[in-house]
Student: 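What follows is a structure written as structure tokens; I'll ask about it next.
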Protein chains: 2
Amino acid sequence: MKTNNLYKGSLTTIILKLLNEHDKMYGYEITQKVKEITKGELNITEGALYPSLHKLEADGLVDVEFRKVNNRMRKYYMLTELGTQETVNKLAQLEDYIRNMRALVNPKFRTLD
Amino acid sequence: MKTNNLYKGSLTTIILKLLNEHDKMYGYEITQKVKEITKGELNITEGALYPSLHKLEADGLVDVEFRKVNNRMRKYYMLTELGTQETVNKLAQLEDYIRNMRALVNPKFRTLD
DNA sequence: TTCTTATGCATATAATTTCTATGTATTAAA
DNA sequence: TTTAATACATAGAAATTATATGCATAAGAA
């Protein structure tokens, strides 16, 4: 994910949130959606995406469904019940992370909370 | 750093910013300052901190200075010129990261900017 | 028509970062 | 006198992501 390694650890959160919002998506679609939303600033590589999706599947957070579209196979991913719960957790963790990082780098935020 | 792995990749940014703000600090002081600012939510482990500080030193971003305080050695770290420049870069990257993550997880922010 | 770009899946190996566990040593407090 | 706090450090493991590569189809450009 580019030269900025702050994104390390956030891939799962990104995937879960997008699936939470779109019901079902396939791999390539996820990479394009991320690129679109971040205006090209963040590009998910396939070498990161697919292992991550497979892990989500193995952990029971997503279900998969193959479908043929335009004579080409697509593997759709969708959240399970467990995946929806985990999405909530991950988003809360992201909020905590942002709040703590703001406090650390911006002294103005230190007395707030 | 706890169970939240979003912090992966942010340790360097945290250290640089604290050094930028305090002129000189020693390792243990950094761990305590982080704990204090985040109200205990983030604890930097020594196994992460010292290798990171040594890398910053090897890369010429910090200078070191040993000093004996209360009959105990302290190794103080302070930013070099290069380190100050890198701090600016890292903080800008953090802002970009937060902006992109907000856009990804909060559709409301997508039309802004 | 052939080459390139876009679409779509995937893995192997490496690189990076951080964690866990461990070690040494001094000081202060219970 | 034993525990907690202070202070440094490393070895090895774990987790995450990047780089490079492979296969295959479709569409558009040259």
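Throughout, protein chains are lettered first and strands after them, A, B, ... in sequence-line order, and every chain is numbered starting at 1. In this text the structure is predicted, and so the values were computed from the model without any measurement.
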Student: A:Asn70 or A:Gly47: which one's nearest nucleotide on DNA chain D is closer to the 5' end?
Tutor: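 The residue mapped nearer the 5' terminus is A:Gly47.
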Student: Between B:Glu57 and B:Lys55, is there a side-chain N and carboxylate O pair less than 4.0 Å apart?
Tutor: no
Student: Where each residue is assigned the nucleotide of DNA chain C containing its nearest heavy atom, which of A:Val69 and B:Ser52 is assigned the position nearer the 5′ end?
Tutor: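 First, find each residue's nearest nucleotide; the 5'-ward one identifies A:Val69.
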Student: Working to the nearest 0.5 Å, report the span between CZ of B:Arg102 and NZ of B:Lys108.
Tutor: 9.5 Å
Student: Under 4.0 Å: is that the gap between some side-chain N or O of A:Arg72 and OP1 or OP2 of D:dA26?
Tutor: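 It does not, given that no N or O in the side chain of A:Arg72 lies less than 4.0 Å from OP1 or OP2 of D:dA26.
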Student: Would you say C:dT11 has OP1 or OP2 under 4.0 Å from some side-chain N or O of A:His54?
Tutor: yes
Student: Looking only at side-chain N and O atoms, does A:Asn71 come under 4.0 Å of OP1 or OP2 in D:dA26?
Tutor: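 For D:dA26, OP1/OP2 do have a side-chain N/O of A:Asn71 under 4.0 Å.
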Student: Which atoms form the tightest heavy-atom contact between A:Leu16 and A:Lys90, and what is the distance?
Tutor: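 What the structure gives for the nearest pair is CD1-CG, 3.9 Å.
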Student: For C:dG8, does either OP1 or OP2 sit under 4.0 Å from a side-chain N or O belonging to A:Lys68?
Tutor: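 No.
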Student: Decide, yes or no, whether a salt bridge links B:Arg99 with A:Glu41 under the criterion of side-chain N to carboxylate O below 4.0 Å.
Tutor: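 A salt bridge links B:Arg99 with A:Glu41.
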Student: Which nucleotide, D:dT19, D:dC8, C:dC9, lies nearest any side-chain atom of B:Tyr26?
Tutor: D:dC8
Student: Of all the nucleotides listed (C:dT18, C:dT17, D:dT6), which has the minimum atom distance to the side chain of A:Lys8?
Tutor: C:dT17
